[in-house]
Amino acid sequence: MNPGSSSVANGFAGSSFYGEKPLGSAEKGTLDKQQTPISIHLAKTSRNGERWYENRHENHIYPSVTSILRETMPRGNRYVLWRWRRDKRRELGDDGLEKLRESILGRGIALHKMIEVYFQTGAVDVTSSCGGAVSPYWRSVEPLLEEISRPLALESTAVHPHLHYAGTFDCIAFYRWGEPS
């Protein structure tokens, strides 16, 4: 695909990763979220506890990548997760298990937000997020983030035009000054 072209990029609907002008520069803190070309507007919805994406303009609902992976998970992996939940429920009770789940999800959301802020501003306050509970996770990804030279899109939704599923990219960026990863 030539830089600046539109339509399908690596099999996903939306604009090219490159657009007419690059997002950001070689320096961190220059990403303009409003310019993210890969993002399309889909409403996230839930059906039977699974995430789906809804394109209200086309009146179409797409399963999420997460839902597809969950449904196609090998039986052994599914059993391990079921056993972990069962054991945690016995240990913590239903309310405790729900609090644990919310805590884990909260840390994941906070880490994603920290990474987004890092690429938008070039800095992040590790101690303020979740009372510092995200700090170990941040330290584990920080060396990798320093290798990313130019983010092109963060937390951007895309739809596969032929297989009809949707998902959210965490980050599309140049890694070690190479091609988008």
Side-chain angles (χ1 to χ4, degrees), residues 10 12 17 23-36 38-39 42 44 46 49-53 63-158 165-181:
N10 290 340
F12 285 90
F17 291 148
L23 296 178
S25 68
E27 300 299 317
K28 306 271 190 303
T30 59
L31 177 67
D32 180 355
K33 193 169 183 176
Q34 300 303 314
Q35 294 177 329
T36 305
I38 192 78
S39 186
L42 297 174
K44 289 182 183 177
S46 180
E50 298 291 336
R51 181 184 302 158
W52 291 72
Y53 291 86
S64 71
V65 171
T66 302
S67 295
I68 292 169
L69 291 174
R70 186 175 294 119
E71 289 297 317
T72 59
M73 181 186 305
R75 181 175 281 171
N77 293 13
R78 189 180 304 259
Y79 176 72
V80 168
L81 285 174
W82 174 84
R83 192 176 64 207
W84 179 86
R85 280 189 202 105
R86 179 199 66 196
D87 294 347
K88 287 296 178 186
R89 184 173 284 116
R90 286 178 181 163
E91 177 186 339
L92 305 170
D94 287 337
D95 290 343
L97 179 60
E98 182 59 23
K99 286 179 185 176
L100 176 63
R101 189 186 78 75
E102 288 174 5
S103 173
I104 292 168
L105 288 173
R107 287 192 304 264
I109 290 167
L111 180 62
H112 277 241
K113 186 64 181 169
M114 288 172 63
I115 292 169
E116 189 173 355
V117 167
Y118 174 77
F119 283 124
Q120 290 172 338
T121 66
V124 69
D125 181 5
V126 178
T127 58
S128 70
S129 186
C130 287
V134 180
S135 180
Y137 306 106
W138 175 260
R139 284 194 305 272
S140 74
V141 299
E142 189 174 25
L144 175 68
L145 297 177
E146 292 171 0
E147 297 288 334
I148 296 174
S149 59
R150 193 175 88 209
L152 302 173
L154 296 171
E155 300 296 332
S156 297
T157 305
Y165 64 87
T168 301
F169 289 104
D170 294 328
C171 178
I172 300 172
F174 285 91
Y175 180 67
R176 294 185 180 169
W177 295 94
E179 292 297 313
S181 300

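FYI, the numbering just counts along the sequence from 1.
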Q. Any side-chain heavy atom of Arg83 within less than 4.5 Å of one from Tyr79?
A. yes

Tell me the closest heavy-atom pair linking [X] and [Y], and the distance in Å.
{"X": "Ala133", "Y": "Pro136", "answer": "O-CD, 3.5 Å"}
{"X": "Ala123", "Y": "Val117", "answer": "O-CG1, 3.7 Å"}
{"X": "Trp84", "Y": "Ile104", "answer": "CH2-CD1, 4.4 Å"}
{"X": "Tyr53", "Y": "Ala166", "answer": "CD1-CB, 3.5 Å"}

Distance, nearest 0.5 Å, that separates [atom1] of [X] from [atom2] of [Y]:
{"X": "Leu144", "Y": "Glu147", "atom1": "CG", "atom2": "CD", "result": "7.5 Å"}
{"X": "Leu92", "Y": "Arg85", "atom1": "CG", "atom2": "CZ", "result": "13.5 Å"}
{"X": "Arg107", "Y": "Tyr137", "atom1": "CZ", "atom2": "OH", "result": "4.0 Å"}
{"X": "Ile115", "Y": "Glu142", "atom1": "CD1", "atom2": "CD", "result": "10.5 Å"}
{"X": "Leu145", "Y": "Cys171", "atom1": "CG", "atom2": "SG", "result": "8.0 Å"}
{"X": "His112", "Y": "Ile109", "atom1": "NE2", "atom2": "CD1", "result": "8.5 Å"}

Ignoring hydrogens and geometry, is there a side-chain-to-backbone donor-acceptor pair from [X] to [Y] under 3.5 Å?
{"X": "Thr157", "Y": "Leu42", "result": "no"}
{"X": "Thr168", "Y": "Glu155", "result": "no"}
{"X": "Arg51", "Y": "Val65", "result": "no"}

Q. Do the side-chain N and O atoms of Arg139 and Ser135 include a donor-acceptor pair separated by under 3.5 angstrom?
A. yes

Q) For Asn77, does the CG atom have more than 12 heavy-atom neighbours from other residues, nucleotides or ligands under 6.0 Å away? A) yes

Q.
Quick test of your reading of the model: are Arg101 and Glu98 salt-bridged, counting only N-O distances below 4.0 Å?
A. yes

(Q) Salt bridge or not between Glu91 and Lys88? Use side-chain N to carboxylate O under 4.0 Å. (A) yes

Q) side chain to side chain donor-acceptor pair (under 3.5 Å) between Thr66 and Arg70: does it pass, once the steps are laid out? A) CA-CA 6 Å; Thr66 302; Arg70 186 175 294 119; over 6 Å; no

